[in-house]
Amino acid sequence: MARGYDFKAIEAKWQRAWEESGAFAATEEPERRKFYLLEMYPYPSGRIHMGHVRNYAIGDVLARFLRMRGYNVLHPMGWDSFGLPAENAAIEHRTHPAKWTNDNIAYMRIQLKRMGFSYDWRREITCSDPSYYRWGQWLFLKLYEKGLVYKKSTAVNWCEMCRTVLANEQVEGGLCWRDGTPVVQKELPGWFFRITAYAEELLSGLDNLAGWPEPVKVMQRNWIGKSVGAEVRFPLVDRQEALTIFTTRQDTLFGATFMVLAPEHPHALALAQGTAQEQQVRGFIARMKLEDRIKRVAADTAKEGVFTGAYAINPLTRRRIPVWISNFVLPEYGTGAIMAVPSNDQRDFEFAKKYGLPIRLAVKPVGTDLDERDLQQAYEGEGVLVNSSLFTGMDSQQAREAIVDFLEREGIGKRTVHYRLRDWGISRQRYWGNPIPMIYCEGCGTVPVPYQDLPVILPHDVQITMKGGSPLQKVPGYVDVPCPRCGGPARRETDTMDTFVDSSWYFLRFTSPGAEDGPVAPARVNYWMPVDQYIGGIEHAVLHLLYARFFTKAVRDLSLIAVDEPFSRLLTQGMVCKETYRCAEHGFRLPEEVDAERCCRACGRSVQVGRIEKMSKSKKNVVDPEDLLSQYGADTARLFCLFAAPPERDLEWSDQGVEGSFRFLCRIVRIIEDQEALFKEPISSVPFQRLIVGRALYRRAQQTIKRVTEDIEDEFHFNTAISALMELTNEIGRFELKGAEDEVDERRFAYSYAVETLLLLLSPFAPHLCEELWERLGRSGSIFQAPWPGYDPAVVAAEEIVVVIQIDGKVRSRLVMAADADETAMREAALADERVRGWLQERSIRKVVVIPKKLVNIVTGGI
RNA sequence: GCGAGAGUGGCGGAAUGGCAGACGCGCUGGACUUAGGAUCCAGUCCGCCUUUGGCGGAUGGGGGUUCAAGUCCCCCCUCUCGCACCA
């Protein structure tokens, strides 16, 4: 038998029982309160890690708790099983991505089951399975019909090592997150989702997401990056065209003394043509094209530029202003051109100083006599307009409105809103993803695959080399197809979809996983959606969570679902961290490579005990859940993850802490085993009013019900819920079962009630053990079919309480009083107290503050 | 630079404006033991006083509000995360 208690046998026994009884299968029952609880599904990398264990343990407590509370709970699990690692692994292990993926899923499914998570496995989804991805293709085509999918050629992040485009979040400091290869910009055709069509709704919708953590909402707001301003036309001197700029500070228009274009701006070279500047401009543009984009965009990159030789007219001052080109203007934001107001914009100021361009003050701080000749830096704040014709003297905020009105009246410009959010490029030049269902015909152009031909099956026989383009290009039977429209020879699209597409709607599919007529079955999806509680890592704050919101709105507009937002409440759990050991010679070391004196076993040098960092293989500070399972079992692993820190905070791993959680469970086993005979006999209940010796224990049990219920329900404070359970356990352990003859019934009743309550309250945290002990207590049926215990507020409230007596805010005495003692009684008792009287000699009482049920504070006038 | 969050014993962490340090880990002592790395019991913020006991100090630093501040307000410091030439 395993140390402490036989968790291996117990856990296997109950996992089998739950599976056989279908305990966690969820069906739509319209008359019941539903609760859709979801944790972010994993990428099947091979084995689960502690981050998964923590994420899913948090979810499972809620799932089990809510079921006991009477909710109809949907708690599904699936696999984010498309993606590049499968192709890398295929090369490394000489296997097929499908086999590697499916083997991983099979293994990880077993691991999750061994953790005892209460999923409805009948609803399992595998992204890489045609039964799932066919509906991804279907949705792609529907969105295409709606104009929400389009193809364009543009500059994208390209990783030479991965041989594919990377999403923005996969670029960290200009390097590929996976292999550290510098990411390059590459002009490439690809498919895009028009997420920008929903920019405003994605932004405003955040205001209604009361159940989302503020940081996540802030990050999404920043990402969407809404700017309200105006587009203004600046006519070019001696030409027909004009340059259009975007600004949020039209109040500073009178201070615009030059213009700046991005090197990529379509007019950039044209303006210089035939001028003395042409060669210089040509050279500058060529150089900028070569320059690394990430570096160019970095804030600390020096501003540099060239004069185009051309002039424009400031439409308000009517003055000629030179047009420049510079690296600090970005082609993709606004119109790729700006008006430069050096007096009121720091970037423009620096540029003007560097190249000796004129500065003209447009807005000055209220009540100052700022002069542009004295400017040491731009004044970017609000203030009063100067040098601004009829707007001079106006408040800058009002002037923004007045000037944009004027621009619109005069036909010079118009109100405009710009977003930083860009359309979502979903083309991946890789094999292991969902095929984009498009066909190119020379005669008919781009033709969608007809719905009846879905799914486009990912061919099995491919050569994955990580060289050249997509492996799919070299699969003849795949690429060459007849055009669905004219029947002539045509070519299939060989890009596959970003895996974030799969995860953008998997939560919908869970509601109706077998649906054959569409991605979802309407009645079922509408019963379950939205997800009431979503749980996952904060690293998805912007991408997955933004994409999923976008998809939900787009699918809603296809009339397939009725909700606006996919996730009502969101919990972002912290990372699982552990200290690192680093040897000067051997780098990061495993704990077993370090001896008791903290020296490297390889070279004997003392290792540096590093910071507490997120568990990662490269830092050699990971703990494998598998080891935990074999040493302590699933209940201990879960319990520790929940006890060591509140869910949203980082969790610091501690082997001794795990040991402590295990000890706690062992203690409960001992308590019950020691009294096994007691529970075998019938126990008659005693009303609370008649409880004397058992009163305190009974009350403590009731108080624990209240605390645990509130801790789980309100704030997911599982750590404090567990500590309350430990206190109850301590109390039970101290309780004396033996006593006078006439007390025996009462003692046995209070004791068994407390033990039973303990098991019920602990069951969501340590389900296997509680199920087992519940059975040993002789209770029939699964503990998870028992209702969550309730409490009587009158019992919870003690009839006597300790009142703190303070003198001038310092505790000087404590008195036991009736809980319902009124202010007068409390004041008198406090003033009559001997210790208090000792302190009060020589002092005059200025005031007595009485807080019922809490304290009395006597404020004196000093000695 | 901007934004968000955090700073409490040796450690993880508790505290509707009302006894700071619950609970756990670790540590100390004791009991039971052939043994203890099992279990049980007691102790464990710091300083001071002669004890039972008591006094003083203590939640990054400094001010303030209040009868009362870890908690509210202002200033500063440190750390973590996110964004960062976004016009």
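Any value given below was found using the heavy atoms of this structure, including those in side chains, with hydrogens, waters and symmetry copies removed.
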Checklist line | Whether A:Phe716 and A:Phe718 hold their rings parallel, tilted or perpendicular, with breakpoints at 30° and 60° | finding: tilted
Margin query: Any base atoms under 4.0 Å from A:Ser654, or only sugar-phosphate, or nothing? Heavy atoms, all strands.
Written below: nothing
Note to self: Measuring from the side chain of A:Met726 (C-beta onward, heavy atoms only), which nucleotide among B:A87, B:C11, B:C23 has the closest atom?
What the structure shows: B:C23
Item checked: Atom pair OG1/CG of A:Thr196 and A:Asp423 - distance to nearest 0.5 Å -> 3.5 Å
Check: So, is B:G9 syn or anti if syn means the angle is within 90° of 0?
Finding: syn
Notebook entry, point to check: Between the side-chain atoms of A:Asn857 and the base atoms of B:C67, is any donor-acceptor pair under 3.5 Å?
Noted result: yes
Notebook entry, point to check: Roughly how far apart, to the nearest Å, are B:G7 and B:G70 at atom P?
Noted result: 14 Å
Notebook entry, point to check: At under 4.0 Å, does any side-chain N or O of A:Arg667 touch on OP1 or OP2 of B:C40?
Noted result: yes
Next item on the list: From the options B:C40, B:C67, B:C19, select the nucleotide whose nearest atom is closest to the side chain of A:Arg814.
Entry: B:C19
Notebook entry, point to check: So which heavy atom on A:Cys666 is nearest to which on A:Gly4, and how close?
Noted result: SG-CA, 3.7 Å
Note to self: Without decimals, in angstroms, what is the distance between A:Glu673 CD and B:C40 P?
What the structure shows: 14 Å
Margin query: Go nucleotide by nucleotide along RNA chain B from the 5' end; which of A:Thr248 and A:Cys666 gets its closest nucleotide reached first?
Written below: A:Cys666
Next item on the list: Tell whether A:Lys303 reaches the base of B:C85 with its side chain through a donor-acceptor pair below 3.5 angstrom.
Entry: yes
Margin query: Using a heavy-atom cut-off of 4.0 Å across all strands, would you classify A:Trp653 as base, sugar-phosphate, or nothing?
Written below: nothing
Check: When the distance from NZ of A:Lys853 to C1' of B:U16 is rounded to whole Å, what number comes out?
Finding: 15 Å
Notebook entry, point to check: So which nucleotide from B:C11, B:C23, B:A87 ends up closest to the side chain of A:Ser723?
Noted result: B:C23
Next item on the list: Would you indicate what A:Lys810 reaches in the nucleic acid, counting non-hydrogen atoms under 4.0 angstrom: base, sugar-phosphate, or nothing?
Entry: sugar-phosphate
Next item on the list: Can you tell me, in whole Å, how much space there is between the C1' of B:G9 and that of B:U59?
Entry: 10 Å
Next item on the list: List the steps and the verdict of side chain to side chain contact (heavy atoms under 4.5 Å, CB included) for A:Met339 and A:Thr252.
Entry: CA-CA 10 Å; A:Met339 66 171 191; A:Thr252 65; 3.7 Å; yes
Check: Can you check the A:Asn719 CG to B:G13 C1' distance for me, whole Å?
Finding: 7 Å
Check: Hey, is the side chain of A:Arg734 poking within less than 4.0 Å of OP1 or OP2 on B:A42, counting only N and O atoms?
Finding: no
Margin query: With a cut-off of less than 4.0 Å, is there a side-chain N or O of A:Arg670 near OP1 or OP2 of B:C40?
Written below: yes
Notebook entry, point to check: So which nucleotide from B:A68, B:A87, B:G12 ends up closest to the side chain of A:Ser227?
Noted result: B:A87
Next item on the list: Working to the nearest 0.5 Å, report the span between CG of A:Leu628 and CZ of A:Phe662.
Entry: 11.0 Å
Next item on the list: In plain terms, say whether A:Glu380 and A:Arg347 are close enough for a salt bridge, that is, a side-chain N and a carboxylate O under 4.0 Å apart.
Entry: no
Next item on the list: Write down the distance between CD1 (A:Ile851) and C1' (B:U66), rounded to a whole number of angstrom.
Entry: 12 Å
Check: When all nucleic acid strands are considered with a 4.0 Å heavy-atom cut-off, which category describes A:Asp345: base, sugar-phosphate, or nothing?
Finding: nothing
Note to self: Parallel, tilted or perpendicular, judged at 30° and 60°: which one describes the rings of A:His418 and A:Phe246?
What the structure shows: perpendicular
Next item on the list: Name the closest nucleotide to the A:Val804 side chain, picking from B:C67, B:C86, B:C19.
Entry: B:C19
Next item on the list: Compare the minimum distances between each of B:C19, B:C85, B:C67 and the side chain of A:Arg347, then state the nucleotide with the smallest one.
Entry: B:C85
Checklist line | Rounded distance in Å between the C1' positions of B:G63 and B:G53 | finding: 37 Å
Check: Touch check for A:Glu659, heavy atoms < 4.0 angstrom, all strands: base, sugar-phosphate only, or nothing?
Finding: nothing
Check: Considering only B:C23, B:C86, B:C40, which nucleotide approaches the side chain of A:Arg420 most closely?
Finding: B:C86
Item checked: Distance in angstrom units between A:Asp655 CG and B:G26 P, rounded -> 11 Å
Note to self: Strictly below 4.0 Å, N to O, side chains only: are A:Arg287 and A:Glu304 in salt-bridge contact?
What the structure shows: yes
Notebook entry, point to check: What distance, rounded to whole Å, do you find between the two P atoms, one in B:U80 and one in B:C25?
Noted result: 31 Å
Note to self: Nearest whole Å is fine: how far is B:G24 C1' from A:Asn730 CG?
What the structure shows: 10 Å
Next item on the list: Assign each of A:Ser661 and A:Val218 to its nearest nucleotide of RNA chain B by heavy atoms, then name whichever residue's nucleotide is nearer the 5' end.
Entry: A:Val218
Next item on the list: Report which part of the nucleic acid A:Gly225 touches: base, sugar-phosphate, or nothing (heavy-atom distance under 4.0 Å, all strands).
Entry: nothing
Next item on the list: Would you indicate which nucleotide in B:G13, B:C67, B:C19 comes nearest to any side-chain atom of A:Val859?
Entry: B:C67
Checklist line | Spacing of A:Asp808 atom CG relative to B:C19 atom P, expressed in whole Å | finding: 17 Å
Item checked: C1' atoms of B:U71 and B:G60, separation to the nearest Å -> 16 Å
Next item on the list: Under 4.0 Å between any heavy atoms, over every strand shown, what does A:Arg707 touch: base, sugar-phosphate, or nothing? Just pick one.
Entry: nothing
Note to self: Taking any heavy-atom pair under 4.0 Å as a contact, classify A:Val848: base, sugar-phosphate, or nothing.
What the structure shows: nothing
Next item on the list: Would you mind telling me which of B:G24, B:C19, B:A14 lies closest to the side-chain atoms of A:Thr720?
Entry: B:A14
Margin query: Set out, in order, the CA-CA distance, both residues' side-chain angles and the distance that settles side chain to side chain contact (heavy atoms under 4.5 Å, CB included) for A:His717 and A:Glu710, then state yes or no.
Written below: CA-CA 9 Å; A:His717 281 172; A:Glu710 289 173 355; over 6 Å; no
Next item on the list: Would you classify A:Arg835 as touching base, sugar-phosphate or nothing, given that sugar-phosphate means primed atoms plus P, OP1 and OP2, and contacts are heavy atoms under 4.0 Å?
Entry: sugar-phosphate
Notebook entry, point to check: Would one find a side-chain N or O of A:Arg221 under 4.0 angstrom from OP1 or OP2 of B:A4?
Noted result: no
Next item on the list: Starting from P on B:C85, measure out to CE on A:Met288 and report it in whole angstrom.
Entry: 15 Å
Item checked: Pairwise C1' distance for B:A42 and B:C49, with rounding to whole Å -> 24 Å
Note to self: Check this for me, if you would: do A:Arg400 and A:Glu382 make a salt bridge, where the nitrogen-to-carboxylate-oxygen distance has to be below 4.0 angstrom?
What the structure shows: yes
Next item on the list: Could you measure between the two P atoms, the one in B:G62 and the one in B:A14, and give it in whole Å?
Entry: 25 Å
Notebook entry, point to check: Hey, what's the ring geometry for A:Phe351 with A:Phe258, parallel, tilted or perpendicular (30° and 60° as the breaks)?
Noted result: parallel
Notebook entry, point to check: Of the nucleotides B:C23, B:C55, B:U39, which one has an atom closest to the side chain of A:Glu727?
Noted result: B:C23
Notebook entry, point to check: Roughly how far apart, to the nearest Å, are B:A22 and B:G13 at atom C1'?
Noted result: 10 Å
Next item on the list: Report yes if the side chains of A:Gln220 and A:Trp212 come closer than 4.5 Å at any heavy-atom pair, otherwise no.
Entry: yes
Check: Which dot-bracket string fits RNA chain B when only Watson-Crick or G-U wobble pairs with both atom distances under 3.5 Å count, crossing pairs get [ ], and | stands for a partner on a different strand?
Finding: (((((((..(((.....[....)))((((((.......))))))(((((...)))))..(((((..]....))))))))))))....
